[in-house]
Structure formats: C-alpha cells, structure tokens
Amino acid sequence: MSYEDVQNCADFIRERFEGDFPKMAMVLGSGLNSMADAVDDATIFSFLDLPGFPKPTVEGHAGRMLIGKLEGKPVICMQGRAHAYEGHSPEKVGFATRVLWALGVEILVLTNAAGSLMEKAGPGSLMAITDHINFSGVNPLVGVNDDRFGPRFPDVTEAWDKQLTGELKASAAEQNIELHEGTYLMALGPNFETPAEIKAFRVMGANAVGMSTVPECLTARHVGMKVVGVSSITNYAAGMTGDELTHGETMEFGAVAAVKLEQLLRAFVTRVA
Ligand code: HPA
C-alpha cells in the first residue's frame, strides 16, 4: 500500500464529502460500534466502497466510515477495523489510519474490547491505555519506509499521548465514570490466550489483552498523529475465573461498557474537539 494508494483513497472521500474534515477520528472496536449511530448529520462510506480498504470479515464489525458530528463537534467514526488475525497484511491493517491522516486528522481515539488482567477491573469496566506491549509478532511499519509518512525508526516513548489521556481522565471524573488505566498487550489471536500466557503477560506488565489497536497506534505515531485509547473490559483474561471465554461474552459485556464509553467519549469530544 503505497503513499499514492493512501492519497487515492483520501481523494475518493474528498470528492464525496463537502465541508471541512474533522481533526479527530475515533475507531470503534468490537461490540462498541453501536456508538456510530449517535453520529449526527453523517456522511457514510462503506469500507467495501473505499479503494484500498481491507474488507472486514468478523461478526460485530460493520465496516463503515461516518463523517459527522458528536455533541456538535466534527468527528470521523470508524465503525469497525481490520485485524491482523483476519489474514490482512500488517501494512493493510494500518491503511485506514494513514487515510485518516491524509484527510487531515490529528487526534486518533482508539477503542477496543479487551480481557482484564486486573482483579479490580471486571467485565463492563473501562481502562485508559497508557502504554502498550506489541506481542503480536506483526508490525504495520515493516517494509520499505516512505519518508513522506514518517521516519524509518519512529520514537514511541510517548505512544499514548499524556495530555490527551489527562483529558480523558478528566472527562471520566466529570461524568462519574470509573476509568482504570494500564498497559494494553496485543496478541495476534484469533484464539483467546492460555492461562499460562496470561500469567506470563502479567509478569511482563500487561493490564489488559486484546487483538487490535497497536497497529493503528504505531501507524498513527509514524505520521505524527496524537493517540489516546480506551479498552472496554469484556472479560477477565483466561485462567482468572475458571470459566471459558466466548465471543458471545465479549459482545455482551462490550454492550455494557459501550454505554459508559459513549458517555465518556461525548464528554471527551466536548473538551477536546
Ligand atoms: N483476549 C484477547 N482479546 C480479547 C479478550 C481476551 O481475553 N477479550 C476481548 N478481546
């Protein structure tokens, strides 16, 4: 996916959307994409129509880009995302992020469904992502580097923007929403983890585990976008309760967390956009 492919997709969108492009975009993860229905005056693009976009294959991911308003503030909502476990190349997983950048987005809000490694953060709770561990074995920046995107060796000391995370915490406090914080570890999936893996991840410093988000964060930091993120905790990680993990449970508690997440993001947009 070249620079030209990215610009080509951005041009396609520009030709079909009149008006100023939002400076903020949100990626709505598994079970969270109902929030896209809250976008007002939306111009909607199906991922199926966007040139170069990977086509989503997983249940719960509608695959649409909505350009509109939330709380009266301009935003782009990405309803669904591509995952590496679907078989897309790592570079392809980062494509949508680059298109958002080409459209002028400066702040990327990443959300996901995740398993909790913290006793205190149960299903239905929220966690601000303060750092990450890329344990997926894939990286969207692998390949010949195009300096028009960013440097060969990008610095990710502050992958997750401290100031914006502060705004997110302030938004949560203002809304009386409990917001945990911690390190998100990306596993490739598609299987959930084994109990032994979760024990190992805890030793490594992980607080939540999931199968997305890190590629988008890395792609965004490469081009210089600021990134802030929230995990919706849908379950305790494998081995913590003795129960088996199911995608159904992920969707069920995703819906519980989605209500809080929408409230949180509305407050965040009001403060920041
Ligand atoms: N592991 C990985 N991904 C997930 C989980 C989990 O426990 N829950 C939701 N997404």
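Predicted model only: the values in this text are computed from it and were never measured. Atoms within a ligand are numbered from 1 in the order they appear, just like the ligands themselves.
Looking at N235 next to ligand 1, an N or O pair under 3.5 Å apart turns up.
Distances from atom 10 (N) of ligand 1 to the heavy atoms of S232, A113, A208, S116 show the closest one on A113.
The aromatic ring centres of F149 and W101 sit less than 6.0 Å apart.
Other residues sharing a hydrophobic cluster with V259 under the 4.5 Å side-chain heavy-atom criterion for ILVMFWY residues do not exist; the residue is a singleton.
In this structure, R221 does not pair ionically with E158, as no charged nitrogen and carboxylate oxygen lie closer than 4.0 Å. Remark: R81 engages E216 in a salt bridge, criterion side-chain N to carboxylate O under 4.0 Å.
Shortest contact from atom 1 (N) of ligand 1 to any protein heavy atom: E193 OE1, 2.7 Å. Counting only heavy atoms of the protein, atom 5 (C) of ligand 1 lies nearest to G115 N, 3.4 Å. When hydrogens are left out, the protein atom nearest atom 3 (N) of ligand 1 is G210 CA, 3.4 Å; that is the closest non-hydrogen contact.
For NZ of K260, the number of neighbouring non-hydrogen atoms (other residues, nucleotides, ligands) closer than 6.0 Å is greater than 12.
At a 4.0 Å heavy-atom cut-off, ligand 1 touches L245 through the side chain alone. Under 4.0 Å from ligand 1, the heavy atoms of T234 that appear belong solely to its side chain.
When the ring-ring contact (aromatic ring centres under 6.0 Å, His included) test is applied to F12, no partner is found at least two apart in sequence or on another chain.
For the ligand labelled ligand 1, residue A187 lies outside the 4.0 Å heavy-atom shell.
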